[in-house]
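So the structure is just underneath, and the comments pick up after that.
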Amino acid sequence: MLGWFYRGLTSRRVTTRYPIVPESMPEGFRARPVVHPERLDPEASWEPYARACLPGAIQVTEEELTLDLGRCICCGLCAQVPGGAFTMEPDFELAVRNCQDLVTVVRRG
Ligand code: SF4
């Protein structure tokens with residue numbers, strides 16, 4: 001305990017300079033899924049993506065696919081569905097003022 005106290009008194013800074021200096025994540029770090037609409041086959045079923053998503057962050061209807069990052073647990077299972085329409089990206093900055101800004105909708109056609 002005293003060691004930490006001494007370190008706090010003698011160190012000028014023990015935290016990083018984020019957000020002034022961007023943080024780099026380790027290789028393979030998965031922060032969130034990103035959907036790539038150009039990789040979604042408009043003629044195929046998009047249901048496998050919804051079935052892979054256990055918390056229901058991916059919803060599929062006949063007309064559209066919805067990704068709600070507010071429900072996502074960043075498990076990465078959607079990125080393992082054949083077709084590659086989802087990838088896991090290291091961008092961890094998800095703060096928004098409106099939760100609707102966490103929703104991505106892809107429409108067929
Ligand atoms: S990372 Fe997991 S929880 Fe998030 S959208 Fe993909 S399957 Fe769903």
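Both backbone and side-chain heavy atoms feed into the values below; hydrogens, waters and symmetry mates do not. First listed ligand is number 1; within each ligand, the first listed atom is number 1. Every value quoted in this text rests on a predicted model; they were computed, and no experiment measured them.
Every residue meeting the side chain to side chain donor-acceptor pair (under 3.5 Å) condition with Glu23, not counting sequence neighbours, appears here in chain and number order: Thr16. Taking Ser24 as the reference, nothing meets the side-chain contact (heavy atoms from CB on, under 4.5 Å) condition, with sequence neighbours excluded.
Ring geometry for Phe29 versus Phe92: interplanar angle over 60°, hence perpendicular rather than tilted (30 to 60°).
Within the protein, the N, O or S atoms sitting under 2.8 Å from atom 4 (Fe) of ligand 1 are Cys72 SG.
The two residues Asp91 and Ala31 come nearest to each other via the heavy atoms O-CB, 3.3 Å. What you find for Arg32 and Cys74 is that their closest heavy atoms are CA-SG, 4.2 Å.
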For residues 53-65, please give each side-chain donor-acceptor pair under 3.5 Å, one per line with the distance, not counting sequence neighbours.
from  : atom 1 : to     : atom 2 : distance (Å)
Gln59 : NE2    : Gly56  : O      : 2.8
Thr61 : OG1    : Glu63  : N      : 3.3
Thr61 : OG1    : Glu64  : N      : 3.1
Thr61 : OG1    : Glu64  : O      : 3.4
Glu64 : OE1    : Arg107 : NE     : 3.3

